[in-house]
Asks: 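The structure that follows is given in the form of structure tokens.
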Amino acid sequence: MPVQPNALCFGDEFPASGTPCLVHVEDHGLTITFPPDRDGVESRDESLKFSELTVSAGGLDHDQLVATWVGLKGQRTLYLKSPDVIRAFRQAAPDHLSQPLERAAEQVRQARQRHRMVWSIVGGALLVVVLGLWFGSDVLVERAVDRIPVEWERKLGESTYHDFLAHQDVMKEGPAVDAVNEMIHRLTGQISENPYTFEVTVVKSDVVNAFALPGGYIVVFTGLMKKAESGEEVAGVLAHELNHVLQRHGLERIIKQLGFVAVVSIVLGNPPGLGGMMKQLGVELMTLKFGRAQETEADLTGLELLYRAKIDPSGMITFFQRLAGKDEGRVEWLSTHPMSNARAERLKTQLAGMPKQNPEPFTFEWPKVRASQGAPPSILP
Amino acid sequence: MKSEILYPGAFPMVRVELAEGEHIKAESGAMVACSPTIDIESKMEGGFLGALSRKFLTGEKFFFQTLRASRGAGEVLLAPTVPGEVVVLDLDGVNEYMVQKDGFLAGAEGVVIDSQMQSMSRGLLGGEGFFILKMSGKGMLALNSFGAIHKIELKPGQEYIVDNSHLVAWSTTTTYNIEKATSGWVASFTSGEGFVCRFRGPGVVYIQSRNPGSFGAWVRQFIPVSE
Ligand SMILES: [Zn+2]
């Protein structure tokens, strides 16, 4: 039966990579069996007394037991790696070896500990940074966002906006465009200290969606308008979108993702990842899924904005609920603005707490606006 | 399984003969040609996370391919991406090698590939990331290099100094220290080069005669800068 070697033996007549051998630990010392080699040299045993050996720790990770002795053919070195053999060796070794053995064991422990400690510190620090950027410390993200000038944000949004519109069927004029412009005008008139110039485009598409890019570029799909029962409902979505822009939510999301990948790329030395990611940014901007806290913030500030603009805020709530209702899967808008019952409830409570006021109606007639897009005057049965 | 290096030198190819049912693992782009009896499976060694960590941490391609002679005996031709020599080692179950991330070409089914964290200093200074591959187990292991491959044999206690970027593989019975080659630490850090490993035997160290990083820099100077 061929022996399965468990150690490497080095010596002048052996190859530099060592010769595999089988080590047995016995009471008096070691028996080393050299398996027969390809040149036809027979298997042979060599016995060693413990008294002949000196031991230390060695190898790349200092986790191998190195035994040296002077044999008939000069200096021999044995590298033992198998934990079982090392354990047996330590148990059988006489007193004169136990001290160096303990020292070797201590070296191994220290090396392992050092290795573990360094890596747990690095791993821990990495985890903290990543988690910090990803989940927790929104403070960091907010600070980073604060440093980005509005001008950059505009450029970012503008290029994505134009790229997107280049492939869309844009509605240049008509009742729908006028209606949306009126809503935006009423809403933005109530924003104090507005650093953005909002631009809005109506796109002919059955996709039920509307989005606002960083910098104030807003796109409304006719598909969303067809689903609305009144102008106030569409204005509710717009008020929500405007507040995502004003609170710079899109930017926050991007910073979070950039930060995450940036940290990973820097640590792991993979700079090409950054380039590819920047390219993806354009796509990212439109498919950006807002967080729950951001949704609530946009909802509540949106509600206040509607109120200040004297647009009936209940339209916002009914519309959100209707969108989230029967064919949720087909409403694009919900994929980037995750809806929940809690969101609608929160809005209702907030609205109930506001003093009553008489809303001012829009100048357009909503059924006509809807009809101009080829939709039936009402979606209600 | 039998393997043979064809066209030894700068543009070698490895022919591996597989008996029915045998398979080898190869670096994912390495397969050049094979018998129709060979099936190519993209297998994620060490599971998805293992493969993922290998991709990110060692820069190794996501998958190792498994080339399996599932429909009868056949042969596979393998070649590395870069011009350079190939060396075939025979792992005996005791000898283990650390292999620099681009050095792996193929391994027999008995060869175990492990991503390992290396020491902090080498990870930071080596420029190869924190992870390298550890090869253990039994069977054929083919390594490739950039340029010619040179084997340095070290007796117990014997030392040798190797430029970091020329390392391909080394046995785990060796130890090494990272040292700086140039006169200033600042120069070493800013150039990212000039670190050397002082190896200490026993064991063998495989080095490559060309430095991929320097070659890249040399090529780059001829590429016009786009405006
Ligand atoms: Zn939203």
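Residue numbers begin at 1 in each chain, while the letters A, B, ... track the order of the sequences. Note: hydrogens, waters and symmetry copies are ignored here, and every other heavy atom, side chains too, is used.
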Asks: Do you know which of A/P15, A/A7, A/G18 has the most heavy-atom pairs with chain B at a distance under 4.5 angstrom?
Replies: A/A7
Asks: What distance separates B/N95 CG from A/L8 CG, expressed to the nearest 0.5 Å?
Replies: 4.5 Å
Asks: A quick test of your reading: do over 12 heavy atoms of other residues, nucleotides or ligands sit less than 6.0 Å from CG of A/D84?
Replies: yes
Asks: Give, as side chain, backbone, both or neither, the part of B/P156 having an atom under 4.5 angstrom from any heavy atom of chain A.
Replies: side chain
Asks: Any chance CD of A/E46 has more than 12 other-residue heavy atoms, nucleotides or ligands included, within less than 6.0 Å?
Replies: yes
Asks: Determine the minimum heavy-atom distance between B/D92 and A/Q4, stating which atoms define it.
Replies: O-NE2, 4.0 Å
Asks: Nearest 0.5 Å please: distance from the CZ atom of B/F199 over to the CG atom of A/L60.
Replies: 7.5 Å
Asks: Does any heavy atom of chain A fall under 4.5 Å from the side chain of B/Q158, the backbone, both, or neither of them?
Replies: neither
Asks: Can you tell me how far apart OH (A/Y79) and OG1 (B/T172) are? Round to the nearest 0.5 Å.
Replies: 9.5 Å
Asks: What part of A/D63 gets within 4.5 angstrom of chain B, counting heavy atoms only: side chain, backbone, both, or neither?
Replies: neither
Asks: So, for A/S17 and B/V204, which heavy atoms are closest and what is the spacing to 0.1 Å?
Replies: N-CG1, 3.8 Å
Asks: Using heavy-atom distances under 4.5 Å, tell me whether B/K151 contacts chain A through its side chain, its backbone, both, or neither.
Replies: neither
Asks: On a heavy-atom basis, which atom in A/Q64 and which in B/T173 lie closest, and how many Å separate them?
Replies: OE1-CG2, 3.9 Å
Asks: Crowded around A/H28 NE2? As in, over 12 foreign heavy atoms under 6.0 Å?
Replies: yes
Asks: Relative to chain A, which of B/T175, B/V94, B/I152 shows the most heavy atom pairs under 4.5 Å?
Replies: B/V94
Asks: For a 4.5 angstrom cut-off between non-hydrogen side-chain atoms, does B/K155 reach A/D12?
Replies: yes
